[in-house]
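One structure is given here, and the rest of the page talks about it.
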Amino acid sequence: MNPTQLFDPVSSTYTYILFDEDSREAVIIDPVDVQLQRDLAVLERLNLRLIWALETHAHADHITSAAMLAELTGARTAAPAGCDIGTAAVQLKAGDAVRFGREQLRVLHTPGHTAGSACFYWQRAPHPHEELSSEAAQAPLGHRMRPDQRHDDRHVFTGDTLLIQGCGRTDFQSGDAGALYDSITTQLFTLPDTTIVWPCHDYHGRTQSTIGVEKATNPRLAGKSRDEFIALMDALDLPKPRRIDEAVPANQRSGLRQDAGGGNGASDVRSVTPQQAHEWVQAGDAVLVDVRTDAEREWVGFVPGALAVAWKQWPGMTINPEFDRAIREAAEGGRRLVLLCRSGVRSAAAAQRATELGLTAYSITGGFEGELDEHAQRGHKNGWRHAGLPWRQN
């Protein structure tokens, strides 16, 4: 079973979804914000439960949807420890295992494109009725095979470290050509030759390669000494990535941006602070609409007097089919709406939809619980509760 490979044509980014066939637990690698609905649809179509949203590094050419996926699915975010992605719930180190069902990804620290870049190695777990021989069980990582194991049971997700017939650039964002050469030659090129290479980008329509092919034919690496590789990389003279100034800061916050809707394609959504929203509601100038699920309001807490209109709901966190009708009723008489969710992600999407319906809607920044801080904790940075505004818990 190969991973599901998805493509964003604007940034030429590949996103990957892997899952355990028995538990249906899934992992997504390098998701893209503008492809959020596509990825959610794939998860739903395959009947998967997303438990991990992973990054290979802090990207400079697109913005991740990791935080939004975590908000909408309950998945955990994880990123390489050296990438300064402080909002990731788990900071990954070399040798760590990311588990989903009976499957696992092994973290390879591969600095060079950036100082914190990582790759993920996946060798599919044997099925319960299949056992490894004692000799095979003692083989090094990357060399274990079941007697019937196919060549395509070994995969490596290389991010921008190793591309098809190329590699990531090293001239910005803590890049180091010598470190990249070492990462590729001592870690990736020591994997079995039949290991399938799944890169984060390709600009020529290619979808996959193998370690053996890249080791033998990659024009930047094959037959090159370390010094020759460094000289080649130093001479590339590539233009600055168009979105780097926007993308890197956003990606160091798991895709969350300071503007209310920037991380989910809703950049035209108006936002309001919790304090301002409360003042409007108290003055009768706005209606407070809580777009979280019933379970969140029950167990986490709620704002007295807020109107409950879920944007997405379980099972599957699918769009509430009654949302349009209910939000129109809330805005009867031209009333202004201020929308509240957990951290400001769902409320931005819901406010965008309300705006499309011709209503005046604002997303409350930080939501009810607040955005993640540098320690991946909520309630310390912003949000309704952090502002000391009225709320209750059953």
Side-chain angles (χ1 to χ4, degrees), residues 3-8 10-11 13-19 25-43 48-92 96 98-100 105 107 114 116-120 157 159-160 200-201 243 246-266 312 317 341-346 348-349 367 369-378 381:
T4 298
Q5 184 184 54
L6 304 163
F7 187 65
D8 173 53
V10 175
S11 61
T13 299
Y14 283 124
T15 295
Y16 299 95
I17 295 176
L18 294 63
F19 63 93
E25 290 184 347
V27 171
I28 193 167
I29 300 174
D30 291 332
V32 178
D33 62 346
V34 296
Q35 300 293 347
L36 175 66
Q37 295 304 322
R38 175 202 67 185
D39 297 343
L40 290 171
V42 170
L43 292 167
L48 303 179
R49 181 166 67 91
L50 188 69
I51 63 169
W52 290 106
L54 306 180
E55 306 290 350
T56 54
H57 63 292
H59 305 276
D61 48 13
H62 69 270
I63 295 175
T64 180
S65 62
M68 291 182 289
L69 286 165
E71 175 88 11
L72 296 172
T73 68
R76 301 181 74 191
T77 57
C83 288
D84 297 323
I85 304 175
T87 49
V90 176
Q91 301 291 317
L92 299 171
D96 283 351
V98 179
R99 302 182 187 279
F100 51 110
L105 292 171
V107 179
T114 71
S117 289
C119 299
F120 300 112
F157 302 87
D160 284 13
C200 184
H201 298 285
R243 299 188 67 187
E246 169 195 25
V248 172
N251 288 328
Q252 288 176 333
R253 300 176 68 244
S254 299
L256 295 176
R257 289 170 23 176
Q258 297 299 330
D259 52 305
N264 66 351
K312 295 199 172 195
M317 286 301 279
C341 71
R342 181 185 188 186
S343 66
V345 174
R346 273 172 290 174
E369 298 179 62
E371 298 173 276
L372 293 171
D373 62 15
E374 64 274 15
H375 304 295
Q377 300 295 317
R378 299 187 189 275
K381 188 173 181 179

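Applying the salt bridge (charged side-chain N to carboxylate O under 4.0 Å, His left out) test to Asp96 and every residue at least two apart in sequence or in another chain returns Lys93. In terms of the salt bridge (charged side-chain N to carboxylate O under 4.0 Å, His left out) criterion, residue partners of Arg49 (sequence neighbours excluded) are, by chain and number, Glu25.
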Where do Leu54 and Val98 land on the side chain to side chain contact (heavy atoms under 4.5 Å, CB included) test, with the steps shown first?
-> CA-CA 9 Å; Leu54 306 180; Val98 179; 4.2 Å; yes
Could you please spell out the steps behind the side chain to side chain donor-acceptor pair (under 3.5 Å) verdict for Glu55 and Thr64?
-> CA-CA 8 Å; Glu55 306 290 350; Thr64 180; 2.4 Å; yes
Go through the steps for Thr114 and Cys83 under the test side chain to side chain contact (heavy atoms under 4.5 Å, CB included), then give the verdict.
-> CA-CA 8 Å; Thr114 71; Cys83 288; 4.3 Å; yes
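Residues Thr56 and Cys119 form no side-chain contact, since every pair of their non-hydrogen atoms from C-beta on lies 4.5 Å or further apart. In this structure the side chain of Thr15 never reaches within 4.5 angstrom of the side chain of Ile29, judged on heavy atoms. Contact of the Lys312 side chain with the Leu40 side chain is registered, since non-hydrogen atoms from C-beta on lie closer than 4.5 Å. Using a 4.5 Å cut-off on side-chain heavy atoms (C-beta onward), Thr13 and Gln35 make no contact. Within the 4.5 Å cutoff, side-chain heavy atoms of Leu18 are placed close to those of Phe157. For the pair Leu43 and Ile17, the minimum side-chain heavy-atom distance is below 4.5 Å. Side-chain contact between Asp39 and Leu6 is present, with at least one heavy-atom pair separated by less than 4.5 Å. Taking the side chain as every heavy atom from C-beta outward, Phe120 and Val107 approach each other to under 4.5 Å.
For the pair Gln91 (side chain) and Gly82 (backbone), a donor-acceptor distance under 3.5 Å is absent. Counting only distance, with no hydrogens or angles, the side chain of Ser343 and the backbone of Gly370 share no donor-acceptor pair below 3.5 Å. In this structure a side-chain-to-backbone donor-acceptor pair under 3.5 Å is missing from Thr77 to Ala53. With Asp33 contributing its side chain and Gly255 its backbone, the two residues share no donor-acceptor pair below 3.5 Å.
Listed here is the closest heavy atom pair of Ile28 and Leu50: N-CD1, 3.7 Å. Here the closest non-hydrogen pair linking Trp52 and Ala75 is N-CB, 3.9 Å. Nearest heavy atoms, Arg38 versus Asp8: NH1-N, 4.1 Å. Here the closest non-hydrogen pair linking Ala88 and Ser254 is N-OG, 3.8 Å. Contact between Ser65 and Pro31 at its shortest, heavy atoms only, is OG-CB, 3.2 Å.
Summarising the geometry, atom CZ belonging to Phe100 is positioned 4.5 Å from atom CG belonging to Leu105; distances are rounded to the nearest 0.5 Å. Atom CG of Asp30 sits about 13.5 Å away from atom OH of Tyr14, to the nearest 0.5 Å. Atom OG1 of Thr87 sits about 9.5 Å away from atom CG of Asn251, to the nearest 0.5 Å.
Each ring pair (Phe, Tyr, Trp, His ring centres under 6.0 Å) pair with one or both residues in residues 60-84, not counting sequence neighbours, appears once here: His59-His62.
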